[in-house]
Amino acid sequence: MDVLPFEPLELAALDPARNISRRWRVAATRDLFGRVMVETGWGRIGARGRVLVRSFAEEDEALRYVRALVARRRTARRRIGVSYERV
């Protein structure tokens, strides 16, 4: 994930005993004008979920943004009681 665009990263947080079933996805691509588009999707597994697309002129800005998103997912054990695992 050090170079953009990269393969989409898909994570899931599952704990059936506590009814936790979350998914999270991030993908980075380039548009026709050379800008980096970062698409983030999240929600409950089996539900529609939400999607946010952000556009960045510079690759290093987009990479910094993606790293911050991934760092936030690493704190899931403390926040929601279960860690995200790669799907």
Side-chain angles (χ1 to χ4, degrees):
M1 187 180 69
D2 291 338
V3 179
L4 295 176
F6 58 86
E7 291 294 318
L9 174 63
E10 297 190 37
L11 304 173
L14 302 169
D15 187 355
R18 295 181 44 225
N19 197 26
I20 295 174
S21 178
R22 296 182 182 187
R23 64 178 170 76
W24 185 80
R25 179 180 190 273
V26 64
T29 58
R30 289 199 182 274
D31 67 3
L32 294 173
F33 304 105
R35 294 179 63 88
V36 178
M37 306 296 288
V38 177
E39 180 179 319
T40 308
W42 68 94
R44 187 167 175 81
I45 294 175
R48 186 178 204 165
R50 298 184 70 182
V51 175
L52 174 68
V53 179
R54 292 199 54 193
S55 175
F56 296 91
E58 300 295 325
E59 188 172 311
D60 59 335
E61 291 176 49
L63 191 55
R64 202 169 27 254
Y65 176 70
V66 170
R67 285 183 178 152
L69 291 174
V70 172
R72 174 79 173 160
R73 299 290 78 78
R74 285 191 194 116
T75 66
R77 165 129 346 252
R78 180 174 38 90
R79 293 181 298 109
I80 64 174
V82 62
S83 297
Y84 278 89
E85 302 292 329
R86 195 169 199 153
V87 177

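Just so we're clear, the structure is a prediction, and the values are computed from it rather than from any experiment. Along the sequence shown, residues carry numbers from 1.
Considering all non-hydrogen atoms of both residues, S83 and A76 come closest at CA-CB, 4.4 Å. For the residue pair E10 and R25, the shortest heavy atom distance occurs at OE2-NE, 3.6 Å. When all heavy atoms of R23 and A47 are compared, the pair lying nearest together is NH2-O, 3.5 Å. W24 approaches R73 most closely through the heavy-atom pair NE1-NH1, 3.1 Å.
Hydrophobic clustering, defined by side-chain heavy atoms of Ile, Leu, Val, Met, Phe, Trp and Tyr closer than 4.5 Å, groups I45 together with L14.
Within a 6.0 Å radius of CZ in R22, no more than 12 heavy atoms belonging to other residues, nucleotides or ligands are found. Dense packing is recorded around CZ of R79, with more than 12 heavy atoms of other residues, nucleotides or ligands lying under 6.0 Å away.
Hydrophobic clustering (side-chain heavy atoms under 4.5 Å, transitive across Ile, Leu, Val, Met, Phe, Trp, Tyr) groups V82 together with L11. Grouping the Ile, Leu, Val, Met, Phe, Trp and Tyr side chains by contacts below 4.5 angstrom, directly or via other members, places F56 apart from M37.
Remark: R44 pairs with N19 by the side chain to side chain donor-acceptor pair (under 3.5 Å) rule, at least two apart or across chains.
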Quiz item: Yes or no on side-chain contact (heavy atoms from CB on, under 4.5 Å) for W42 and L52, after CA distance, side-chain angles and deciding distance?
Solution: CA-CA 9 Å; W42 68 94; L52 174 68; 3.8 Å; yes
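Between the R18 side chain and the I80 main chain, a donor and an acceptor come within less than 3.5 Å of each other.
When the options V70, V38, D60 are evaluated for a side chain to side chain contact (heavy atoms under 4.5 Å, CB included) with Y65, the one that passes is V38.
The residues R30 and E59 are annotated as salt-bridged, a charged nitrogen and a carboxylate oxygen being separated by less than 4.0 angstrom.
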